[in-house]
There are 2 protein chains.
Amino acid sequence: MADDIRRRILDGEFTPGDRLPSEHSLTADYQVARSTVRSALTALSRRGLLESRPSIGWFVRSADQVQGFDRMRSFSQWAADRGTEFGGRFVHRSRGEVTVREARLLRLRYGEQVLRNTRIRMLGERPVMLERSTWAPWVTPIIESLDEDASSTTAALAEAGIDVVHGNHRIEAVAASSEDARLLGVPRSSPLLMVRRETFAKDGRPVEFGEDRYVPGVIVFEMRASS
Amino acid sequence: MADDIRRRILDGEFTPGDRLPSEHSLTADYQVARSTVRSALTALSRRGLLESRPSIGWFVRSADQVQGFDRMRSFSQWAADRGTEFGGRFVHRSRGEVTVREARLLRLRYGEQVLRNTRIRMLGERPVMLERSTWAPWVTPIIESLDEDASSTTAALAEAGIDVVHGNHRIEAVAASSEDARLLGVPRSSPLLMVRRETFAKDGRPVEFGEDRYVPGVIVFEMRASS
DNA sequence: AAGTGGTCTAGACCACCGT
DNA sequence: CGGTGGTCTAGACCACTTT
């Protein structure tokens with residue numbers, strides 16, 4: 001039922017600021033127990049779509065230009081949800097033998113081949129993010145078959161029957177390297193927001209890990225108060 | 001009961017990697033329903049102390065120097081949860097007239113007086129964070145009465161009957177200013193992680209807003225996959 | 001087969017808010 | 001006062017892991 005509520009919000013049946021029907025009436029509408037309603041609503045609030053005001057009701061949140069830290073979706077999913085024009089271009093793509101770190105993160109044996117890439121991500125004409133990824137061997141054919149300017153790897157993987165989920169993300173601040181600076185159009189050594197990211201298939205197999213470097217001030221990262 | 005579990009972990013009864021007693025046996029130990037046990041355990045997992053492995057059990061997480069993005073607690077609360085020795089020292093504290101931005105964020109009228117401070121935060125002997133805050137007039141007496149090296153403003157406010165909650169946090173990367181560099185012991189212009197923070201009283205009145213600047217690599221910020 | 005967490009039903013009482 | 005979300009009890013069934 002969480003999916004249905006989400007759809008109704010995105011369809012415009014409920015718009016930001018609106019109050020949802022009470023938990024009690026949702027219980028009747030969907031013919032489920034109240035605790036089921038609650039778990040669906042709290043799940044949506046974790047994803048930033050809803051918030052609760054005790055004794056009053058559940059409200060649809062306003063949708064800012066904000067990447068919520070509690071969501072963890074792919075860049076293109078996020079941009080698409082927001083209706084923003086986005087693009088991407090592979091700057092570099094090559095195979096190589098796994099390093100010790102890659103073997104550990106992707107659960108591979110030494111000697112196996114991985115695909116590494118660097119991709120520049122744009123919002124309109126503006127470079128906003130640099131994405132350096134390493135892909136597990138069993139998905140490299142899919143990634144290699146992509147156009148240089150393919151916008152969504154997640155969509156390509158989904159077409160191949162691989163649904164991915166995001167694991168833990170770690171956030172740091174780093175100074176732009178020479179390459180970062182050149183590709184993102186910022187001064188060398190200027191501060192960038194770095195997100196270390198892991199991606200898994202639904203069965204738990206590691207698919208990818210990567211480092212995204214964001215130009216500050218363009219995409220705002222936010223974490224919302226839960227309760 | 002969440003508090004009691006937390007205490008037992010910090011007391012060392014359970015150490016990182018340990019499996020907790022099963023939900024069923026905790027139900028018996030604490031004489032509560034299983035859903036109560038579960039809400040306590042999931043609350044602790046949101047705070048980063050536990051994680052669940054389906055069909056196996058609940059495990060104590062390795063106690064890294066990790067600040068979870070889905071928690072939003074005060075620095076001292078976080079440090080206390082981890083049993084880390086922490087400290088703080090006010091570098092600067094003074095009253096002044098509100099700026100336009102402060103008036104908006106703290107919902108004040110122009111001409112009112114606010115308290116601004118800069119505080120350096122330490123883990124052991126190491127400066128790890130610089131905290132610049134602006135406090136609403138109705139709490140300034142409490143903050144002004146604090147020792148220069150008071151470790152927790154949250155605790156002081158709680159003693160005065162003011163329970164605070166954290167609002168949205170926004171994360172960016174910034175270059176260290178001269179003052180940042182001097183106080184944190186890092187090179188000027190080196191990258192810092194900046195967290196913009198709002199704090200409210202339980203009744204919704206704004207209490208404080210601030211900018212925290214973290215030395216990268218000391219405290220790692222993490223967001224965990226929810227499901 | 002037994003035990004685990006994940007999810008669910010079907011109730012209950014509470015503090016708080018609005019009328 | 002009735003309605004709201006927050007929290008709780010006391011069960012139940014499931015998929016999955018371990019023995």
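Throughout, a chain's letter reflects where its sequence line sits, starting with A, and its residues are numbered from 1. What you are looking at is a predicted structure, and each value in this text was computed from that prediction instead of being measured.
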Next on the checklist: Need one value for B:Ser22: base, sugar-phosphate or nothing, where a base atom within 4.0 Å counts as base even if backbone is also close, heavy atoms only.
Outcome noted: sugar-phosphate
Item to check | B:Arg34 or A:Trp58, whichever maps to the more 5' nucleotide of DNA chain D | outcome: A:Trp58
Checklist entry - Whole Å only: how far is the CD atom of A:Glu51 from the P atom of D:dT4? => result 18 Å
Item to check | Euclidean distance, atom NE2 of residue A:His24 to atom C1' of D:dG2 [Å, nearest integer] | outcome: 12 Å
Next on the checklist: Expressed as a whole number of angstroms, how long is the span from A:Ile56:CD1 to C:dA15:C1'?
Outcome noted: 13 Å
Next on the checklist: Quick check: do B:Glu131 and B:Arg197 have side-chain heavy atoms less than 4.5 Å from each other?
Outcome noted: yes
Item to check | The single option from B:Thr118, B:Ile120, B:Asp147 passing side-chain contact (heavy atoms from CB on, under 4.5 Å) against B:Arg89 | outcome: B:Ile120
Next on the checklist: Does a side-chain N or O of A:Arg38 approach OP1 or OP2 of D:dG5 to a distance below 4.0 Å, or not?
Outcome noted: no
Checklist entry - Could you give the CG-to-C1' distance, from A:Leu50 to D:dG5, as a whole number of Å? => result 13 Å
Next on the checklist: Side chains of A:Leu106 and A:Val114, heavy atoms from C-beta outward: is any pair under 4.5 Å?
Outcome noted: yes
Checklist entry - Would you say B:Ser52 reaches C:dG6's phosphate, i.e. side-chain N/O to OP1/OP2 under 4.0 Å? => result yes
Item to check | Row check, B:Phe90 ring normal vs B:Arg119 NZ/CZ: under 6.0 Å, within 45° | outcome: yes
Next on the checklist: With nearest nucleotide decided by heavy atoms, which residue, A:Arg53 or B:Pro54, maps closer to the 5′ end of DNA chain D?
Outcome noted: A:Arg53
Checklist entry - Once you round it to whole Å, what is the distance between P of D:dG11 and CD of B:Gln31? => result 12 Å
Checklist entry - Is a donor-acceptor contact shorter than 3.5 angstrom present between the side chain of A:Ser55 and the base of C:dC16? => result yes
Checklist entry - Taking for each residue the nucleotide of DNA chain C with the nearest heavy atom, is it B:Ser25 or B:Ser35 whose nucleotide lies nearer the 5' end? => result B:Ser25
Item to check | Closest nucleotide among D:dT17, D:dG6, C:dG5 to the A:Glu23 side chain | outcome: D:dG6
Item to check | Side-chain touch B:Ser52/B:Leu41, heavy atoms, less than 4.5 angstrom | outcome: no
Checklist entry - Side chain of B:Arg19: nearest nucleotide among C:dT4, D:dT18, C:dT7? => result C:dT4
Checklist entry - CZ of B:Phe59 versus P of C:dT4: gap in Å, rounded? => result 11 Å
